[in-house]
Amino acid sequence: MKFINKITLFAACAAMLTACSNKDDYSVGQWDAASNYANVSFVETDLSEELEPSETCIKTFEITRTNTVGALDVKFTVKENTDNVFSVAPAHFADGEETATFDVTFDKAEIGKDYNLQLQIEGAGLTSSYAQNTVFNYSVCRVKWNFIGQGKFFDDCRWGYDIPGEADVEIYQKDGDNWTYRIMYPFDNMKIVAEGKTYTAEDAMTGSQAKSITVTILQPGTEVEGVEYEDGEDVVYFAPANSGDYASNYSSELIYMHPVTAGNTMSGWSDCLDPSTWASNKVLVWLDEEHKTPGKIQLAPAVYVPSVSGAFDYTTKDESLVITFPGYVDKHDADIAKDFDWEEVFEGDFTSEALNTKGTAVLYKGTCAYGETEKETADVAARFAEKYGEAYCIASPYAEDYHIYFAVKDGEIMIPDGYEKQETGLNALSNMIYASINGTSSKFSEKDIQLDMTFTNEDGTVEYGTGIERLKQVKFTTIGSATFTYTQFFTDEDEEGNDVPAEAELELQQNESNPSEYRLLDWGYDEGDHFMFTWNEKTNQCTVPAQPIGYVSQTYGMIYVSDVAQYQENPAAYEKYPCYYDEEEKCFIFTLIYYDMVDPSEPWAMGSEYMTINESGVKAQAKVKTLRVPFNQSAKASKKAAPKKHKKVISKKCGKTMKTTAVKPLVGKKSNKRDAKKMLRF
């Protein structure tokens, strides 16, 4: 990429010319003005402006003199006059007047053409060669701006506001120029939110905001503030604009500058004279690619603080300032948690390697439902499918209403934008645990999903574990019913309000492909929280793997249950804490322990619970066998008291058909946090 800083080049050439001289030629200057010369000068020496075609083509300017004695007429020497379009009237000083005016007329100037005028004050009676401000330059262009419609202006550079500002604006296009646009009164119409209250420019901004922002889409070979731009057509330039925002700690208004302006304004920003640093100022979307009509333009400014000659650097930040043009509507990108309807694919075993638990979960497949018309829905669905494939969801694998979302494209696991970290409903000392899916090492098939997941805190600085989380389709068949007697975590109440063991008649199912595996439906805190166990008929050994019970503590998160031997990871413990089937009583005896993952060394409850197999639907009487298993007496008081507070609703559920319920979407909340630390660059 090539660029030329013409100011620097001119200075270098001047230095070279000076260096070529070996001798300084110097002579005393001769005074070349009359003894009573007036010392006439222009009040303003350089002016460049645009005028609407409807405005008058007569401008009045001022000159001054030092010697005010007598009347004086001043005629000007015209050094430049484009197409001789300018007519310049002489100025007249009355006796004693210090200031006079003169008119410049250019009523034959064409619309859209640039015209330049240069005047000089000459004459021994008027000035001397040592005088200042004797040359006047005026450039004017009569510009017609065509209204193209209503747009929007979004400003995310503001301080102290919960929600960035947005304004409805009128947008004009320069007549005969496909590349230059003017956004009118963007700051006057802005609405911003702070502390729940909506503010407008009138009461939210104390500075003198610019009435417009002029944006030019750069073309190769365009010169911008002394720098030649030679790249493509998507980069834009905008003139400096006072934002109307005021930094009280710097006692200064904040001015939005293009990087090249910052490079020419502040010594520490000279790197911004390189056009490669302008790239974030660009057309985001073309409304009409063929005719180069912009749909959305992004500006990335240096926010200049005049009082300290420094600026806040937003020159590489996306969507700091965004202009949305008339006719452009953002194409909606489907949110996997919000914009899909869900249909159950299968229910299966959910095994967590990271948590060392086993339970059941349901896989759902999504159909995009966003849009008010069939076409809009089809377009949104097609864009999602092109990028991610088909949408899937594992419903509540760790906690109720906290789902894990992913997509599958060409057999590969894809993670939609915004779902790189997903809430699990699990907590570590009241801090939410988040799950991240590694798509490249995860596997998907129609009946077996294996997600390689990492569990962290929200910002990823603390890691809680990693593992393969597996959902495998397993078909269970109902083989009868059983009555479960709860004695530990869940209890019932007698008529006097005392805690007594609870009983529930529940549906018992067996795994068709693994006959040693069973589950008792709706055993836990809510429907869908099943009790999983295996029974080796030959050895009469039962195993209860770690599994969630459906109850979530606000402090300790999900509560789990397993047999004691599984909890201790010690098979020999079955001798002391047995789990077996009593053939005589038709009763399974489980020595269970209830615990959490935050502090598993302090269990909530431990003891024997019983499951009696019913015969012909008739409830059999279980002989209660008390196993004196020591319980950790040092458990936290809150844990010891908790089981008494959570009563399980007992009802006869044998033969009840499971209901398929729709997945409740996990609605993500966008953070409105602003950067707490802002650094000035000098």
Side-chain angles (χ1 to χ4, degrees), residues 6-51 55-110 113-142 223 225-226 240 264-265 306 309:
K6 295 189 176 180
I7 296 174
T8 305
L9 181 60
F10 178 80
C13 291
M16 291 174 63
L17 289 171
T18 302
C20 290
S21 176
N22 296 320
K23 180 179 179 181
D24 291 331
D25 295 324
Y26 175 77
S27 61
V28 178
Q30 301 298 314
W31 189 253
D32 55 1
S35 59
N36 62 343
Y37 86 111
N39 194 15
V40 179
S41 62
F42 292 102
V43 172
E44 191 171 19
T45 58
D46 286 282
L47 177 64
S48 179
E49 62 181 348
E50 290 181 349
L51 299 177
E55 293 185 61
T56 180
C57 293
I58 300 176
K59 301 292 290 187
T60 300
F61 303 101
E62 289 185 329
I63 58 174
T64 64
R65 63 176 178 168
T66 303
N67 184 352
T68 62
V69 177
L72 178 65
D73 290 322
V74 178
K75 293 184 178 180
F76 306 97
T77 302
V78 179
K79 296 290 187 180
E80 182 180 358
N81 185 353
T82 306
D83 296 342
N84 290 317
V85 77
F86 296 101
S87 296
V88 183
H92 174 74
F93 290 98
D95 182 27
E97 283 186 338
E98 182 180 351
T99 303
T101 62
F102 66 96
D103 291 335
V104 174
T105 305
F106 46 96
D107 51 9
K108 293 184 180 180
E110 298 177 7
K113 186 172 182 178
D114 294 325
Y115 294 92
N116 300 308
L117 172 69
Q118 187 180 81
L119 304 177
Q120 186 168 356
I121 302 170
E122 295 181 322
L126 301 177
T127 185
S128 76
S129 59
Y130 296 93
Q132 302 294 316
N133 299 337
T134 60
V135 176
F136 171 70
N137 292 289
Y138 177 57
S139 298
V140 66
C141 181
R142 300 178 67 200
E223 183 181 302
E225 297 190 31
N264 281 324
T265 303
S309 295

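Hydrogens, waters and symmetry mates play no part in the numbers below; they use all other heavy atoms, side chains included.
Minimum interatomic distance between Val40 and Arg65 (heavy atoms only, all atoms of both residues): CG2-CB, 4.0 Å. Thr68 approaches Glu97 most closely through the heavy-atom pair CG2-O, 3.7 Å. Here the closest non-hydrogen pair linking Phe93 and Val74 is CE1-CG2, 3.9 Å. Contact between His92 and Ala71 at its shortest, heavy atoms only, is CE1-CB, 4.1 Å. Minimum heavy-atom separation, Val85 to Tyr115: CG1-CD2, 3.5 Å. Residues Phe61 and Leu47 approach most closely at CE2-CD2, 3.7 Å, considering heavy atoms.
Ring planes of Phe102 and Phe76: tilted class, angle from 30 to 60°.
Surrounding CD of Glu49 are more than 12 heavy atoms belonging to other residues, nucleotides or ligands, all under 6.0 Å away.
Atom CG of Asn39 and atom OG1 of Thr134 lie 10.0 Å apart (nearest 0.5 Å). Here the straight-line distance linking atom CG of Asp114 with atom CD of Glu50 works out to 8.5 Å at 0.5 Å rounding. Here CD1 of Ile63 is found 7.5 Å from CG of Leu72. Values are rounded to the nearest 0.5 Å. A distance of 15.5 Å separates CZ in Phe106 from CG in Asn84, rounded to the nearest 0.5 Å. We find the CG-CG distance between Asp73 and Leu126 to be 10.0 Å, quoted to the nearest 0.5 Å. Atoms CZ and CD, from Phe86 and Glu80 in turn, are 9.0 Å apart once rounded to the nearest 0.5 Å.
For Lys108, the salt bridge (charged side-chain N to carboxylate O under 4.0 Å, His left out) criterion is met by no residue, not counting sequence neighbours.
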inquiry  = Set out, in order, the CA-CA distance, both residues' side-chain angles and the distance that settles side-chain contact (heavy atoms from CB on, under 4.5 Å) for Val135 and Leu119, then state yes or no.
reply    = CA-CA 6 Å; Val135 176; Leu119 304 177; over 6 Å; no

query = Can you check side chain to side chain donor-acceptor pair (under 3.5 Å) on Tyr138 and Glu44, steps first, answer last?
reply = CA-CA 10 Å; Tyr138 177 57; Glu44 191 171 19; over 6 Å; no

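Test Thr77, Asn81, Asn137 against Gln118 for side-chain hydrogen bond (donor to acceptor under 3.5 Å, both in side chains) and you get one pass: Asn137.
Without hydrogens or angle criteria, Thr82 side chain to Asn116 main chain gives a donor-acceptor distance under 3.5 Å.
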